Amino acid sequence: MVPVDQGGGVMRADLFAEDITGLDEALAAVDGFDRALVAGLLRPQPAQSAGLTGLAQAVAGTPLAARVAEAAEKAAAGVASEDHFVALAAARTALLGSVHDALMTRIEESTGRPCGEATTPEPAGHQAANLLTAARSWLSDLARSGWQGIDHDVVSGAAPVVSAMLPDPELRRLATLLDGFAAELAASCPGVSLERIPARRWADLWSRALLLTVPGAADVPVTGTATGRLLPLGVDVHEHATAVQAQVHAVFEPADGTTPRLVRAGIVLPKPDTVVGAGLWQLLRPHMSLLTAVSEGRSMELTDMPVTAEGDLIWSDEHAGRGGPADAFATARVALPAATDAATAPLDRHPARIAVPVFLEGYAAHKDDDTLTFTLPGGPLVVDTDRIPTAGPLTPEAVAVSGACIGLLRWDAGTYRVQPLAVETTVRKKSVAIHAGGWAGGTTDKAGVKAEKAATDAVAVLRERAGRLLRK
């Protein structure tokens with residue numbers, strides 16, 4: 001096995017092919033419980049009881065064992081209380097957390113980079129207990145009805161809870177989750193007519209929301225400040241019909257000379273469903289100067305920028321200044337191997353949340369049955385081209401002819417995958433870098449200019465219509 005050179009570090013791609021002890025068993029226990037939620041826990045059938053028992057057995061020998069065993073027994077009898085549902089959600093979350101940790105350990109072994117230590121904040125305890133209880137009651141009703149039993153009467157029970165929570169900043173995180181979850185369920189009513197039920201996704205949302213009803217669980221305090229140089233690696237864009245998120249992954253070099261570490265800076269905004277593609281940057285750009293720095297290949301100088309223990313910068317342009325030139329591929333080759341990976345908050349320990357920056361080169365790319373694969377000296381690595389945003393110049397075709405890649409290592413559908421953020425490739429006999437966030441600060445590219453103009457026209461029309469309505 002020959003390691004992949006990372007400019008001072010190595011990537012053991014061969015480790016991704018090795019089995020992880022207990023992984024399949026943990027996921028099977030989660031799937032069994034998720035199937036139990038499909039039909040509901042009001043009058044559980046034997047198959048549902050087996051799923052509940054499997055969940056309890058999977059956490060036997062842990063501090064959760066006794067409470068989960070009792071909760072599983074009560075749920076199997078159809079008499080589970082809200083506290084019992086919280087215990088079951090905790091067990092499911094703990095199992096997926098263990099899967100996350102095992103996968104991250106394998107990534108740490110592969111990249112040779114250590115991971116930061118997560119911290120658990122002390123509960124502030126200021127949230128309104130009555131609203132948390134109301135949310136827990138609605139989520140318990142969902143568990144009893146099951147996904148096949150949802151109807152508009154059941155789902156609408158979330159509306160008054162969300163309305164009461166939204167004015168309180170400490171409850172807004174849970175309120176937003178409940179609002180989105182309820183909207184997704186409402187769009188799927190009645191559940192009995194669904195041909196396909198997203199059991200894992202809905203169980204994820206249900207479990208997370210239920211745990212956030214525990215006082216203090218939603219506390220995400222800022223744990224410090226960051227002063228030093230920020231070296232961007234790339235931008236990950238998530239687009240929804242009514243919202244958009246841009247998350248910049250970067251290496252932060254502290255001014256005091258301590259160990260560099262990986263950080264993230266994100267911005268989430270509502271958007272009209274007619275604004276798509278490169279037009280998204282018009283909405284995002286005014287709120288984060290970092291996006292312009294990314295597209296211009298510059299660093300940022302941070303002064304007392306708030307940052308969480310998990311490496312999330314609470315971005316404010318007041319704490320950021322223009323830096324010097326900073327090529328992302330130079331950062332990936334030199335600074336990335338020495339950086340410490342970001343820690344993960346307890347409630348965020350889930351396989352779907354894994355997104356670790358990596359640098360790859362020396363691979364051969366080939367496509368088979370619409371699946372692009374990088375063949376590394378240590379083994380193959382699937383490329384997740386579906387995650388490449390349409391809001392930038394990076395395309396699957398460019399990735400397929402690339403020679404180096406900055407990406408996010410993820411785990412999906414039982415395998416590790418890399419999501420490209422930027423690639424080096426040859427265009428007209430010249431080596432060029434193509435970034436997913438290349439249009440973040442503006443562009444002269446014809447396709448980008450056209451998309452931005454369309455977005456400008458769409459926003460202008462919407463503003464004119466909104467103004468007309470307000471004048472009536």
Side-chain angles (χ1 to χ4, degrees), residues 30 33-44 48 51-52 55-56 64 67-68 70-72 74-97 123 127-166 168 170-191 194 197-219 346-348 350:
V30 170
F33 176 73
D34 292 354
R35 287 192 293 271
L37 284 181
V38 170
L41 298 175
L42 184 61
R43 298 181 184 85
Q48 294 170 274
L52 294 165
L55 183 71
L64 291 172
R67 294 184 64 180
V68 176
E70 177 188 343
K74 295 294 185 181
V79 294
S81 68
E82 293 174 7
D83 287 342
H84 291 135
F85 288 130
V86 171
L88 293 172
R92 183 185 183 279
T93 301
L95 279 178
L96 286 172
Q127 294 105 332
N130 60 326
L131 293 179
L132 294 178
T133 300
R136 196 178 306 131
S137 176
W138 178 71
L139 291 163
S140 297
D141 288 343
L142 281 183
R144 295 185 183 102
S145 67
W147 312 132
Q148 290 178 333
I150 58 171
D151 56 30
H152 288 291
D153 287 339
V154 173
V155 175
S156 64
V161 181
V162 171
S163 296
M165 282 184 168
L166 281 174
D168 187 342
E170 293 187 353
L171 295 175
R172 204 162 289 157
R173 181 184 182 192
L174 175 57
T176 303
L177 173 56
L178 292 176
D179 190 33
F181 188 21
E184 192 167 318
L185 293 175
S188 303
C189 286
L194 291 175
I197 292 175
R200 173 70 66 83
R201 173 175 171 77
W202 285 356
D204 280 343
L205 296 172
W206 177 84
S207 299
R208 186 173 181 82
L210 203 49
L211 292 183
L212 288 177
T213 67
V214 177
D219 293 347
L347 284 183
D348 292 339
H350 189 292

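Counting begins at 1 with the first residue of the sequence. Note that the coordinates shown come from a computational prediction; the quantities given were computed from them, not determined experimentally.
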Note to self: Do Leu139 and Phe85 have side chains that approach each other closer than 4.5 Å (heavy atoms only, starting at C-beta)?
What the structure shows: no
Next item on the list: Enter the distance from Met165:CE to Leu177:CG here, rounded to the nearest 0.5 Å.
Entry: 10.0 Å
Notebook entry, point to check: Does any N or O in the side chain of Trp147 come within less than 3.5 Å of the main-chain N or O of Arg35, such that one atom is a donor and the other an acceptor?
Noted result: no
Checklist line | Atom pair CG/CG of Leu171 and Leu131 - distance to nearest 0.5 Å | finding: 6.0 Å
Check: Where do Leu174 and Ala209 come nearest, in terms of heavy atoms and distance?
Finding: CD1-O, 3.6 Å
Check: For the side chain of Ser207 and the backbone of Ala203, is there at least one donor-acceptor N/O pair under 3.5 Å apart?
Finding: yes
Check: Rounded to the nearest 0.5 Å, how far does CG of Leu96 lie from NE2 of His350?
Finding: 4.5 Å
Margin query: Let me confirm one number: the CG-CG distance from Leu95 to Leu55, rounded to the nearest 0.5 Å.
Written below: 6.0 Å
Checklist line | Heavy-atom pair with the smallest gap, counting every atom of His152 and Ala186 | finding: CE1-O, 3.3 Å
Notebook entry, point to check: Can you list the residues that meet the side-chain hydrogen bond (donor to acceptor under 3.5 Å, both in side chains) rule with Glu70, with sequence neighbours excluded?
Noted result: His84
Checklist line | Non-hydrogen atoms of Ala182 and Trp138 that approach each other most closely | finding: CB-CH2, 4.1 Å
Item checked: side chain to side chain contact (heavy atoms under 4.5 Å, CB included) evaluation trace for Leu185 with Val154 -> CA-CA 10 Å; Leu185 293 175; Val154 173; over 6 Å; no
Notebook entry, point to check: What pair of heavy atoms forms the shortest contact from Ala89 to Leu210, and how long is it?
Noted result: CB-CD2, 3.9 Å
Next item on the list: Name all residues meeting the salt bridge (charged side-chain N to carboxylate O under 4.0 Å, His left out) criterion together with Asp141; count only those two or more places apart in sequence or in a different chain, and write none if there are none.
Entry: Arg144
Checklist line | Least distance between heavy atoms, Ala75 atom then Leu88 atom | finding: CB-CD1, 4.0 Å
Notebook entry, point to check: Can you list the steps and then say if Leu41 with Leu37 is a side chain to side chain contact (heavy atoms under 4.5 Å, CB included)?
Noted result: CA-CA 7 Å; Leu41 298 175; Leu37 284 181; 4.0 Å; yes
Notebook entry, point to check: Applying salt bridge (charged side-chain N to carboxylate O under 4.0 Å, His left out), which residue pairs with at least one partner in residues 203-217 are found, sequence neighbours left out?
Noted result: Arg92-Asp204, Arg208-Asp348
Note to self: So, taking the atom named CG in Asn130 and the one named OG in Ser137, what distance separates them when rounded to the nearest 0.5 Å?
What the structure shows: 12.5 Å
Next item on the list: Could you check Glu184 against Trp202 for side chain to side chain contact (heavy atoms under 4.5 Å, CB included), going step by step and ending with a plain yes or no?
Entry: CA-CA 9 Å; Glu184 192 167 318; Trp202 285 356; 2.9 Å; yes
Item checked: Arg172, CZ atom: more than 12 neighbouring heavy atoms under 6.0 Å -> yes
Margin query: I'd like to know if the side chain of Gln48 reaches the main chain of Gly40, judged simply by a donor and an acceptor atom lying under 3.5 Å from each other, with no hydrogens or angles considered.
Written below: yes
Check: Looking only at heavy atoms, what is the nearest atom pair of Ile150 and Ser145, with distance?
Finding: CG2-OG, 4.2 Å
Next item on the list: Give a yes or no on whether the backbone of Ala87 and the side-chain of Arg67 come within a donor-acceptor separation of less than 3.5 Å.
Entry: no
